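Report on one structure; see the data block that follows.
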Amino acid sequence: MASERASQQAFLGVSALLFAASTAVTIVCCASMSAIGEMQMPGGWTMSMAWMRMPGQTWPGAAASFVGMWVVMMVAMMLPSLVPMLWRYRQAVGRTGETHLGRLTALVGVGYFFVWTRVEGDLRAMAVVAAAITVERLVPAGERVARATGGVVVGAGLFLIARPAGLG
């Protein structure tokens with residue numbers, strides 16, 4: 001009974017620490033992105049530099065930064081609703097006599113976030129946004145390009161939401 005209680009406390013403690021860490025990193029990333037400033041665009045409007053590659057950064061590096069920020073933000077946002085499910089999972093698996101509850105619970109949690117990340121789909125969306133931003137910077141059409149980019153981003157989001165499950 002005492003080891004079960006210690007296991008439950010460890011689960012809740014690790015969950016709380018993971019939430020606090022992911023929330024803190026999300027806040028730091030948001031603060032650093034807002035400190036970057038904005039870039040003047042044709043037509044007199046500005047765009048956040050957070051969407052741009054940093055000087056010397058490769059496209060794979062930019063993609064890795066994007067996915068990393070996405071996952072950290074997602075953990076901060078979704079972990080509070082996942083913990084009760086993981087708790088029930090631990091109870092159900094514990095009744096079978098399984099002794100590696102921590103490892104199995106961590107595997108389920110990582111699998112959950114991996115499925116939600118859908119790296120391929122997120123990188124496609126990033127590629128569409130990056131391409132649209134590049135076109136905006138090169139074409140002095142101003143507001144028309146900005147509206148078209150908004151349409152492309154909305155379309156990409158709808159594609160990611162509405163696509164059949166087996167397509168990415």
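Please read all numbers here as calculations on a predicted model, not as lab measurements. Quick note: residue numbers are just sequence positions, from 1.
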*Taking a hydrophobic cluster as the set of Ile, Leu, Val, Met, Phe, Trp and Tyr residues connected by side-chain heavy atoms closer than 4.5 Å, whether directly or through intermediates, do Trp116 and Met77 fall within one such cluster?*
yes
*Apply side-chain contact (heavy atoms from CB on, under 4.5 Å) to Gln57 and Ser65, showing your working.*
CA-CA 10 Å; Gln57 187 178 36; Ser65 290; 3.3 Å; yes
*Check whether Val108 and Val14 end up in the same hydrophobic cluster, where Ile, Leu, Val, Met, Phe, Trp and Tyr are linked by side-chain heavy atoms less than 4.5 Å apart.*
no
_Intermediate values then yes/no, side-chain contact (heavy atoms from CB on, under 4.5 Å), Gln8 and Phe11_ = CA-CA 5 Å; Gln8 291 172 349; Phe11 168 75; 5.6 Å; no
*Linking I/L/V/M/F/W/Y whenever their side-chain heavy atoms sit closer than 4.5 Å, directly or via other members, would Met69 and Ile27 fall into one cluster?*
no
*Hey, what do you get for OG1 (Thr105) to CZ (Arg90), rounding to the nearest 0.5 Å?*
4.5 Å
*Closest non-hydrogen atom pair, Leu82 against Gly109*: CD2-CA, 4.4 Å
*Please report the shortest heavy-atom distance between Val75 and Ser22, naming the atom on each side.*
CG1-OG, 3.6 Å
*Step-by-step side-chain contact (heavy atoms from CB on, under 4.5 Å) determination, Leu79 to Phe113*: CA-CA 9 Å; Leu79 190 63; Phe113 287 115; 4.3 Å; yes
*Residues clustering with Val72 (ILVMFWY side chains joined when closer than 4.5 Å, directly or via others)*: Val25
*Among all residues two or more places apart in sequence or in another chain, which pass the ring pair (Phe, Tyr, Trp, His ring centres under 6.0 Å) test with Phe19?*
none
*With rounding to the nearest 0.5 Å, note down the distance linking CE in Met74 to OH in Tyr112.*
8.5 Å
*asked:* How long is the straight-line distance from CG of Leu86 back to CG of Leu12, given to the nearest 0.5 Å?
replied: 11.0 Å
*Where do Met73 and Thr26 come nearest, in terms of heavy atoms and distance?*
CA-OG1, 3.4 Å
_Heavy-atom closest pair, residues Leu104 and Glu98_ = CD1-CG, 3.3 Å
